[in-house]
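Written below as structure tokens is the structure these notes are about.
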Amino acid sequence: MDNMKSQKWSAREARKFLVIPSELDHKYSRGTLGVITGSAKFPGAAVLTTRAAMATGLGILRFHSSSGLAHLVLHASPEVIVQPGKVDVWLAGSGIDGAKYGDISTWLRHRWFNLMKAQSVPTILDAGALNWAGKLNQPTLITPHAGELAKLLKKWGITVSAEALEADSGKWAVKASELLGVTVLLKGATTFIADGSGLIELPKATPWLATAGSGDVLAGIIGALVASNYVEILNQPKRLAKVAATGALIHNFAAKAASDGGPIYATNIIEKIPEIIRKILK
């Protein structure tokens with residue numbers, strides 16, 4: 001599998017995984033995303049993930065966290081529901097310190113995590129939730145950068161530097177996917193997605209994308225797309241990698257559109273998401 005040839009991902013492929021609502025659809029049929037993101041240390045992550053998900057399009061977003069974070073989220077996105085309820089997909093970990101929340105005893109004090117473990121729905125693990133890779137039964141996607149994946153692999157007995165991971169990202173995305181039994185989206189200048197049976201390569205990203213909060217935006221985009229594809233993913237788990245690749249492509253294109261050769265910040269990317277989705281659909 002080390003020499004697996006990657007599939008180049010483009011708008012042509014991505015279009016197939018953008019679900020256009022029909023006249024028979026309603027908010028519940030379009031997918032419900034449950035979100036556990038943000039913390040006292042990184043409160044902005046909660047705002048960025050939820051705003052990005054709403055901009056990408058889904059039926060309902062349920063935000064699960066403290067009342068303080070909920071108020072921040074509602075101020076930015078009043079459409080979000082901050083009461084618990086049934087969800088079709090979970091997104092967890094963005095803006096949560098893995099060192100603080102990485103062990104089960106601490107995570108269980110975050111009462112919403114019990115719900116995530118109990119509901120066998122497609123799940124996206126980012127940042128502070130990466131330690132749960134390989135420990136859940138549902139179709140799972142992890143979204144680390146090289147440094148985070150190096151730390152995760154070390155816990156599974158593989159020592160490799162972040163620099164070595166970056167030098168051969170495709171190979172290590174495949175290795176991590178095989179080891180953990182999850183779909184791996186390895187973020188970088190060129191992002192790779194591996195699910196053990198295939199490898200997808202994204203176009204090279206603008207260097208301006210290396211900015212605080214951009215990973216939170218990516219997580220929100222993917223969360224929304226997985227929610228709109230959740231039935232198909234449950235029936236065909238390999239679809240998760242292609243949906244994740246579509247989210248990464250939207251993120252990539254939105255960053256380039258926001259930058260136009262100059263600096264950007266995470267909110268700029270969110271503002272371009274609907275425009276990019278319209279262009280991909282055309």
Side-chain angles (χ1 to χ4, degrees), residues 26-28 30-98 100-101 106-119 121-130 132 141 143 211-228 230 247 250-251 254-255 258 264-277:
H26 49 78
K27 62 185 178 183
Y28 296 105
R30 294 186 62 204
T32 301
L33 176 64
V35 177
I36 306 172
T37 60
S39 61
K41 188 175 180 180
F42 302 111
V47 175
L48 292 170
T49 53
T50 52
R51 280 194 63 189
M54 296 303 295
T56 305
L58 75 163
I60 300 173
L61 191 151
R62 292 188 180 275
F63 182 72
H64 296 68
S65 194
S66 69
S67 59
L69 286 177
H71 278 98
L72 285 176
V73 166
L74 285 173
H75 181 75
S77 303
E79 306 89 349
V80 171
I81 296 173
V82 295
Q83 294 296 322
K86 179 183 177 297
V87 303
D88 301 310
V89 173
W90 282 109
L91 164 61
S94 308
I96 295 175
D97 189 344
K100 183 178 180 182
Y101 293 98
T106 309
W107 255 110
L108 289 177
R109 289 199 289 272
H110 197 307
R111 62 186 182 277
W112 304 121
F113 192 72
N114 281 321
L115 290 177
M116 195 179 86
K117 288 191 67 180
Q119 296 183 32
V121 300
T123 298
I124 302 139
L125 303 176
D126 186 31
L130 289 172
W132 290 96
L141 168 73
T143 59
T211 186
S214 65
D216 303 326
V217 173
L218 173 62
I221 294 171
I222 294 174
L225 293 178
V226 173
S228 65
Y230 81 94
I250 292 170
H251 183 252
I264 56 173
Y265 51 95
T267 305
N268 294 152
I269 303 169
I270 296 173
E271 292 165 350
K272 291 293 184 179
I273 292 171
E275 172 189 327
I276 294 303
I277 291 176

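- In terms of modelled atom types and a separation under 3.5 Å, the side chain of Ser77 and the main chain of Val80 share no donor-acceptor contact.
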Can Leu141 and Leu125 be said to form a side chain to side chain contact (heavy atoms under 4.5 Å, CB included), step by step? CA-CA 6 Å; Leu141 168 73; Leu125 303 176; over 6 Å; no
For the pair Leu74 and His71, evaluate side chain to side chain contact (heavy atoms under 4.5 Å, CB included) and give the outcome as yes or no after the intermediate values. CA-CA 5 Å; Leu74 285 173; His71 278 98; 5.6 Å; no
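- Rounded to the nearest 0.5 Å, atoms CG (Leu33) and OG1 (Thr50) are 9.5 Å apart.
- Exactly one residue among Val121, Val89, Val87 makes a side-chain contact (heavy atoms from CB on, under 4.5 Å) with Thr32. That residue is Val87.
- Distance alone, capped at 3.5 Å, places no donor-acceptor pair between the His251 side chain and the Ile270 backbone.
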Checking Asp216 against Thr49 for the side chain to side chain donor-acceptor pair (under 3.5 Å) test, could you report, in this order, the C-alpha distance in whole Å, the side-chain angles of both residues, the deciding distance, and whether it holds? CA-CA 5 Å; Asp216 303 326; Thr49 53; over 6 Å; no
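- Rounding to the nearest 0.5 Å gives a distance of 7.5 Å between CD1 of Ile221 and CD1 of Ile269.
- Contact between Ala45 and Gly95 at its shortest, heavy atoms only, is CB-CA, 3.4 Å.
- Atoms CG and OG, from Asp126 and Ser94 in turn, are 3.5 Å apart once rounded to the nearest 0.5 Å.
- When the side-chain hydrogen bond (donor to acceptor under 3.5 Å, both in side chains) test is applied to Asp88, the partners found at least two apart in sequence or on another chain are Lys86.
- The CD1 atom of Ile124 sits 6.5 Å away from atom CD1 of Ile222, with the distance rounded to the nearest 0.5 Å.
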Step by step, work out the side chain to side chain contact (heavy atoms under 4.5 Å, CB included) result for Leu61 and Met54. CA-CA 8 Å; Leu61 191 151; Met54 296 303 295; 3.8 Å; yes
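- Expressed to the nearest 0.5 Å, how far OG1 of Thr56 lies from CD1 of Ile276 amounts to 11.5 Å.
- Using a distance-only test at 3.5 Å, with no hydrogens or angles considered, a donor-acceptor pair links the side chain of Arg62 to the main chain of Gln83.
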Let's go through Leu91 and Thr37 carefully: what are the C-alpha distance in whole Å and the side-chain angles of both, what is the deciding distance for side chain to side chain contact (heavy atoms under 4.5 Å, CB included) to 0.1 Å, and is it a yes or a no? CA-CA 8 Å; Leu91 164 61; Thr37 60; 4.3 Å; yes
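- For residues 32-41, the salt bridge (charged side-chain N to carboxylate O under 4.0 Å, His left out) pairs, not counting sequence neighbours, are Lys41-Asp97.
- With rounding to the nearest 0.5 angstrom, the CZ atom of Phe63 is 13.5 Å from the CD1 atom of Ile81.
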